[in-house]
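Here is the structure we will look at.
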Amino acid sequence: MNDTASPRQQPIVFLGKRQQGGGYGKQPGRSDDFLTLVEPGTPCGELMRRYWHPVGISAKVTSDPAKVRILGEDLILFRDGKGRAGLLHEHCAHRGSSLYYGKVEDDGIRCCYHGWLFAVDGACVEQPCEPGGGQHRDKCRQPWYPVEERYGLVFAYMGPLDAMPPLPHYDVLEELGPDEELQQEDKSFYIGGGTTAENPVAPYSWLQNFENVMDPFHVVILHSRFSGVQFRQQMAVMPNVEWELCDHGVMYRSVRKTESGVLTRITQTLLPNVRIVPSIELTPGKGREVAWLVPVDSHHHRSFGVARVPKNEEPLYSRRSRMATHEGKTWWEMSEQEHKQFPDDYEAQSSQGSIPAHSDEHLATSDKGVVMLRRLLTRQIRAIQEGAVPEGTGPESQRVIVRAGNYFE
Ligand code: FES
Ligand SMILES: [Fe+2]
């Protein structure tokens with residue numbers, strides 16, 4: 001018998017049940033392209049293009065052309081000399097120079113290369129190098145998107161023009177009292193860091209942030225046990241949760257028995273990417289913030305929000321950033337080691353990957369809201385593919401009654 005056999009020749013040892021299931025041989029995980037990809041022509045990209053999305057804060061949209069990337073498209077946002085906001089494809093319809101270098105005039109934006117002038121609706125109004133100022137200029141149109149301004153935000157519609165719904169109204173953002181105002185934010189009011197005013201883009205899919213809104217249990221683990229109590233002590237209590245479909249979205253009711261009574265917290269999502277999270281400072285009553293998780297492309301997203309606040313109050317964003325401090329440091333001031341010690345939404349969500357490997361997931365009872373959201377989105381994408389109108393774009397959905405809020409008994 002040869003007892004000097006190399007390890008290769010060693011007989012395979014039968015593993016007991018507990019030792020099975022090692023990582024060897026695992027196939028790479030796959031993400032769900034149907035639900036996450038948003039570029040033109042993708043199933044979810046088509047869904048996204050049936051709704052209005054914020055693309056800028058009105059006060060920041062000026063005659064200085066700005067680059068914005070939305071749904072995987074590179075665009076230029078500006079305000080012409082007559083005060084109209086415009087959103088055009090970045091590359092000039094003539095020979096492709098970027099309109100970022102263009103000059104804004106009363107009637108539109110003029111490309112720096114040969115001076116073609118485009119109005120906010122893409123019409124080519126001047127071609128100074130062409131005979132007669134461009135006798136055929138009406139044959140060329142810069143790709144453009146309709147925009148509308150409301151609540152201090154510029155909204156764009158990037159879908160088929162014959163399917164354009166009216167821009168919805170939200171009851172909590174209307175009929176302000178004399179001592180109230182709307183505060184706008186172009187990064188998340190509360191995303192737990194990761195983004196800055198200079199770079200408001202989070203490097204992962206919009207969907208994982210949207211799913212997080214329907215995930216009430218992470219509040220107890222991530223925001224309370226791991227990172228210390230970041231919101232209010234009552235939120236550290238494990239809640240009883242019920243999810244339901246409501247209007248054109250999913251919402252949940254989380255009920256907590258606390259020392260000061262029963263707290264019912266309702267959080268709401270609306271198709272396709274609207275989140276209404278009631279005050280994390282537990283201000284009683286209806287939630288007064290509406291936010292949109294806007295896909296920059298399939299692997300990046302940003303957030304725009306509007307909050308109804310008392311006049312002259314400290315901006316909500318800076319107040320929230322301070323709420324989540326650890327030993328006096330905000331997210332941006334913390335070291336890598338401190339982020340490991342006190343992970344936040346950004347660490348939890350970005351570490352899922354720029355798009356998670358959905359085939360590797362093991363969804364559980366507490367993920368019911370995530371599953372409901374995915375099914376709701378899937379139904380709408382299929383509806384569009386079958387030629388139907390997705391929920392949330394009909395006349396009945398143009399006045400949104402917010403249900404989210406903190407209710408105490
Ligand atoms: S490339 Fe824009 S005018 Fe020629
Ligand atoms: Fe969170």
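Computed over heavy atoms, backbone and side chain alike; hydrogens, waters and symmetry mates excluded. Every number for a ligand or one of its atoms is a count from 1 in the order of the listing. Numbers here simply count residues along the sequence, with the first being 1.
A donor-acceptor contact closer than 3.5 angstrom links the side chains of Y145 and E73. With no hydrogens or angles considered, a side-chain donor-acceptor pair links Q380 and E391 at under 3.5 Å.
The side chain to side chain contact (heavy atoms under 4.5 Å, CB included) check on R379 picks up L245, R375, L376, with sequence neighbours excluded.
The aromatic rings of F210 and W206 sit tilted, their planes meeting at an angle between 30° and 60°.
When NE2 of H218 and OD2 of D345 are joined through the Fe ion (ligand 2), the resulting angle is 150° to the nearest 10°.
Contacts classified as side-chain hydrogen bond (donor to acceptor under 3.5 Å, both in side chains) and involving residues 38-47 (residues at least two apart or in different chains) are given here: E39-S298.
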Under 3.5 Å, which donor-acceptor pairs do the side chains of residues 161-170 form with other protein atoms, sequence neighbours left out?
{"from": "H169", "atom 1": "ND1", "to": "E174", "atom 2": "OE2", "distance (Å)": "2.8"}
{"from": "H169", "atom 1": "NE2", "to": "R150", "atom 2": "NH1", "distance (Å)": "3.3"}
{"from": "H169", "atom 1": "NE2", "to": "R150", "atom 2": "NH2", "distance (Å)": "3.4"}

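Panel detail: atom 2 (Fe) of ligand 1 has protein N, O or S atoms under 2.8 Å away, 2 in number.
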